[in-house]
Q: 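Below: one structure in structure tokens.
Within every chain, numbering begins at 1; the chains are lettered A, B, ... in the order of the sequence lines, protein sequences first and strands thereafter.
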Amino acid sequence: MNTFKKEERLCSVRLIQSLFHSGSSFVVYPFRVVYRFEKRDVGAAQVLISVSKRRFKLAVTRNSIKRRLREAYRLEKGAKLLPFLDERKWYLAFAIQYIGKQEEAVLSTLREKMITVFKKLQHESDRMDQHLSD
RNA sequence: AAGCAAACCGGUUCUAUCGCUGCUCUAUACGUAGAGGAGAGGAAAGUCCGGGCAACGUAGAGCGACACGCUUCCUAACGGGAAGGCGCAUUUUUCGGAAUGCGAUAGAAAGUGCCACAGAAAAUAUACCGCCUUUGCAAAAAGGUAAGGGUGAAAACGUGAGGUAAGAGCUCACGGCUUUGUGUAGUGAUAUGCAUCGCGGUAAACCUCGUGUGUUGAAAAACCAAAUAGGUUGCAGGCUUCGGAAAGGGCGGCUCGCUUUUUGUCUUCGGACACCUGCAAUGGGUAGGUUGAUACAGUCUGUGUGCGAAUGCAGGCGUAGAUAAAUGAUAGAGGUCUGAUCUCGGUUGGACACAGAACCCGGCUUACAAGGUUUGCUUCUUU
């Protein structure tokens, strides 16, 4: 199901602080992703979508970009992100920051980029698995 | 009719699918599921004023700081609004005035300061030219003088007469602004008459006078409260037949042997206190949650009062409530404006602003596409 409820969002202040304090990051233009994996009983993901006020001055443009990012995440996560997390019992907390331009925030390109982000995350989790098994 | 300016109105709709946040109903394994219905603005913005609300503070008075500053009224209140007074500017005029715009619009007659450049002089006056008197053959010197010259945004209130050596509000008449007193009109600002005092500007320079202000803001504040750690209280335990048993630690030659520990202090020998362990209760408090928090200084219609801002009465309406923060995405069909095209009402293209609630109200300020209404100005056409 393509839902996006509150459990799938990162809301707790402490979790967000610890994520930004100890998480790793990479850039897939136009996104900057900060992430942290943990082993849990059930695979899950909590995401934080952020568009900085310094880049986009008006609240209206910030809102619209955030909504498109959320829509892209909602449409793509079911097929590309959750299956491998569930398979390997990973809990993933991550933040997506938008660092592109306003004109580039079109839904179709955002969806493509979101898929590459997920692939990169999967690659990272593979490396973590290898590290753990060693 | 067109253009420009100002003010006001206005702020694209519907359907389907997927999704988000509350609400109501039903079911429920209490996790949720299904159905229904709701879900950004005129400025939600800037956070500039005022108020509600909350916590803390609070004998009274003064000083200081800050804000405001013509009058009356409206309002819960305001630095907001309405009506009016006064001044200035523009336009118009039938020369009486009228319209529009602007004004921190109390005090410069309490005191201090400042007034670029130019100019003789920018404020207890001064003397460059000029005028007058005296001295001197003359050049010039001494003294008087603000009428005249030129400078400047502003030149010692303006005009005329008297007066004088020449002059000067020095005196007088008329006029301008102004202080104080007083008569009349007005609720009042103020207007106007009489008498009287005075005559550069600047108070968004200090200042004086009057009025007001306790501080902090919903991240206020109230309540519930997991796990873990620690606090407090209560209960239980800290062997024994005195030979040793059991458990833990150390060493060695490691199925064993040796060695050591099993709380301390006080004691009237009953215990008391401290310490350690376990169990139970409990106060504070963190994560988290609930309230605050969405029904009202509400809004619409009618009607009464008032010049008006407003307000009385009656009736209708219920209209977001998130909290790392919902109100979205996609597709299709319209709507308004506009361009192209031709078979003249079809086809096709483009545009649709400013901008996103965060405790709630009243204002102010700023932003705003197309379109519409009203007013003013300009141009053109017709009668």
Side-chain angles (χ1 to χ4, degrees):
Chain A
M1 286 295 290
N2 294 332
T3 55
F4 186 54
K5 301 228 172 195
K6 190 134 188 198
E7 294 80 52
E8 303 179 41
R9 297 183 211 171
L10 196 54
C11 297
S12 160
V13 176
R14 279 192 313 167
L15 282 177
I16 292 163
Q17 278 177 352
S18 69
L19 169 65
F20 279 100
H21 193 250
S22 63
S24 343
S25 71
F26 58 84
V27 173
V28 176
Y29 189 83
F31 301 134
R32 179 166 182 274
V33 179
V34 181
Y35 66 96
R36 206 162 78 122
F37 285 99
E38 269 178 43
K39 277 289 184 190
R40 294 246 176 121
D41 294 340
V42 187
Q46 284 194 308
V47 69
L48 168 79
I49 287 168
S50 130
V51 178
S52 84
K53 191 171 185 176
R54 209 194 302 171
R55 270 168 204 283
F56 304 100
K57 220 176 152 196
L58 288 182
V60 168
T61 62
R62 280 201 304 278
N63 269 344
S64 68
I65 290 170
K66 271 159 86 171
R67 281 167 180 160
R68 274 183 224 138
L69 279 180
R70 209 155 56 210
E71 189 71 6
Y73 176 79
R74 182 175 77 82
L75 292 172
E76 298 299 336
K77 70 168 163 109
K80 307 284 182 186
L81 178 67
L82 294 181
F84 80 85
L85 288 176
D86 213 31
E87 190 183 312
R88 297 180 194 160
K89 309 285 188 220
W90 277 120
Y91 163 77
L92 171 65
F94 71 119
I96 300 176
Q97 296 172 312
Y98 188 76
I99 54 172
K101 290 174 185 161
Q102 191 184 341
E103 310 86 59
E104 296 169 347
V106 186
L107 189 70
S108 54
T109 61
L110 288 180
R111 286 176 73 165
E112 288 170 22
K113 296 292 180 184
M114 195 63 78
I115 290 170
T116 61
V117 166
F118 291 163
K119 280 182 184 162
K120 179 107 177 169
L121 281 171
Q122 190 169 1
H123 182 67
E124 294 293 326
S125 76
D126 287 342
R127 278 176 47 195
M128 297 274 281
D129 269 334
Q130 275 187 0
H131 186 71
L132 279 180
S133 59
D134 289 349

Q: Tell me if G81(B) is syn or anti. Syn = glycosidic torsion within 90° of 0, anti otherwise.
A: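 G81(B): anti glycosidic orientation.
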
Q: Classify the glycosidic conformation of G237(B) as syn or anti, calling it syn when the angle lies within 90° of 0.
A: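 G237(B): anti glycosidic orientation.
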
Q: Going by purine N1 to pyrimidine N3 plus the second Watson-Crick contact, or the G-U wobble pair, all under 3.5 Å, which nucleotide sits opposite A314(B)?
A: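 U301(B) is the nucleotide pairing with A314(B).
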
Q: Could you state the atom-to-atom distance from CZ of Arg74(A) to C1' of U330(B) in whole Å?
A: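 Between C1' of U330(B) and CZ of Arg74(A): 10 Å.
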
Q: Where does G271(B) fall, syn or anti, if syn means a chi angle no more than 90° from 0?
A: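 With its glycosidic angle more than 90° from zero, G271(B) counts as anti.
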
Q: Mind checking who G19(B) pairs with, Watson-Crick or G-U wobble, both distances under 3.5 Å?
A: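 In the structure as shown, G19(B) has no Watson-Crick or wobble partner.
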
Q: Looking only at the side chain of Asn63(A) (C-beta and beyond, no hydrogens), which of the listed nucleotides A357(B), U327(B), A40(B) gets closest?
A: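 Among A357(B), U327(B), A40(B), the one nearest the side chain of Asn63(A) is A40(B).
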
Q: On a whole-Å scale, what distance lies between the C1' atoms belonging to A44(B) and A322(B)?
A: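 Rounded to whole Å, the distance is 14 Å.
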
Q: Would you mind pulling out the nucleotide paired to G250(B), Watson-Crick or G-U wobble, both distances under 3.5 Å?
A: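 Across any shown strand, G250(B) pairs with C258(B).
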
Q: Could you state the CG-P distance from Leu110(A) to A329(B), rounded to the nearest angstrom?
A: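 Those two atoms, CG and P, are 12 Å apart.
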
Q: U294(B) and C279(B): how far apart are their P atoms, nearest whole angstrom?
A: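 Pairwise P distance, U294(B) against C279(B), rounds to 45 Å.
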
Q: Under a 3.5 Å distance rule, please check whether Arg62(A) uses its side chain to pair with a backbone N or O of Phe56(A) as donor and acceptor.
A: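 Confirmed, Arg62(A) side chain pairs with Phe56(A) backbone.
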
Q: Let's test this: given Watson-Crick or G-U wobble pairing with both distances under 3.5 Å, identify the partner of G3(B).
A: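 G3(B) is paired with C377(B).
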
Q: Just how far is it from atom OH of Tyr98(A) to atom CZ of Arg68(A), taken to the nearest 0.5 Å?
A: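 If we round to the nearest 0.5 Å, Tyr98(A):OH and Arg68(A):CZ are 8.5 Å apart.
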
Q: Using atom P in both nucleotides, what's the gap between C377(B) and U92(B) to the nearest angstrom?
A: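 Nearest-Å result for C377(B) against U92(B) at atom P: 10 Å.
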
Q: Please state the P separation for the pair U343(B) and G376(B) - nearest whole angstrom.
A: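 Straight-line distance between the two P atoms is 48 Å.
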
Q: Could you give the distance separating C364(B) and C337(B) at their C1' atoms, to the nearest angstrom?
A: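 About 35 Å, rounded to a whole number of Å.
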
Q: Only pairs with both distances under 3.5 Å count, Watson-Crick or wobble alike; so what is the partner of G103(B) in this structure?
A: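 C86(B) is the nucleotide pairing with G103(B).
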
Q: By the rule that syn is within 90° of 0, classify the base conformation of G37(B) as syn or anti.
A: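 Base orientation: anti.
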
Q: Going by purine N1 to pyrimidine N3 plus the second Watson-Crick contact, or the G-U wobble pair, all under 3.5 Å, which nucleotide sits opposite A59(B)?
A: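 Answer to the pairing question: none, since A59(B) forms no Watson-Crick or G-U pair.
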
Q: Syn or anti for G10(B), with syn set at within 90° of 0?
A: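 Anti conformation here, the glycosidic angle of G10(B) being more than 90° from 0.
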
Q: If you measure from NZ on Lys120(A) to OH on Tyr35(A), what distance do you get to the nearest 0.5 Å?
A: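 Answer for the NZ-OH pair, Lys120(A) versus Tyr35(A), is 7.5 Å.
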
Q: Under a 3.5 Å cut-off for both distances, is U382(B) Watson-Crick or wobble paired, and to whom?
A: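 With both distances under 3.5 Å required, U382(B) matches none.
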
Q: Would you compute the distance between atom OG1 of Thr61(A) and atom NZ of Lys66(A) and round it to the nearest 0.5 angstrom?
A: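 Reported to 0.5 Å precision, the distance equals 10.5 Å.
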
Q: Pick the P atom in C194(B) and in A310(B), then give their distance to the nearest Å.
A: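 One P to the other, the span is 45 Å.
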
Q: Map Arg67(A) and Leu48(A) onto RNA chain B by nearest heavy atom, then report which one ends up closer to the 5' terminus.
A: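 With Arg67(A) and Leu48(A) compared, the 5'-side residue is Leu48(A).
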
Q: Please compare Arg68(A) and Leu58(A) by the position of their nearest nucleotide in RNA chain B and report the one closer to 5'.
A: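 It is Arg68(A) whose nearest nucleotide is closer to the 5' end.
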
Q: Aromatic rings Phe118(A) and Phe94(A): how do their planes relate, parallel, tilted or perpendicular, breaks at 30° and 60°?
A: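 Perpendicular: the ring planes of Phe118(A) and Phe94(A) meet at over 60°.
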
Q: Of the options Leu110(A), Ile99(A), Thr116(A), which is the one that meets Phe31(A) in a side chain to side chain contact (heavy atoms under 4.5 Å, CB included)?
A: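 Going through the options one by one, the only one that passes is Leu110(A).
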
Q: Using Watson-Crick or G-U wobble geometry with both distances under 3.5 Å, which nucleotide pairs with A295(B)?
A: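 Here A295(B) is not engaged in any pair, so there is no nucleotide opposite it.
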
Q: Can you find a side chain N or O atom of Arg70(A) that sits less than 4.0 Å from OP1 or OP2 on U327(B)?
A: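 The answer is yes; a side-chain N or O of Arg70(A) sits under 4.0 Å from OP1 or OP2.
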
Q: Quote, to the nearest angstrom, the P distance that separates G234(B) from C273(B).
A: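 The same atom, P, in both gives a distance of 9 Å.
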
Q: Please report the distance separating the C1' of U171(B) from the corresponding atom of G107(B), rounded so that it comes out in whole Å.
A: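 Per the computed distance, 34 Å lies between those C1' atoms.
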
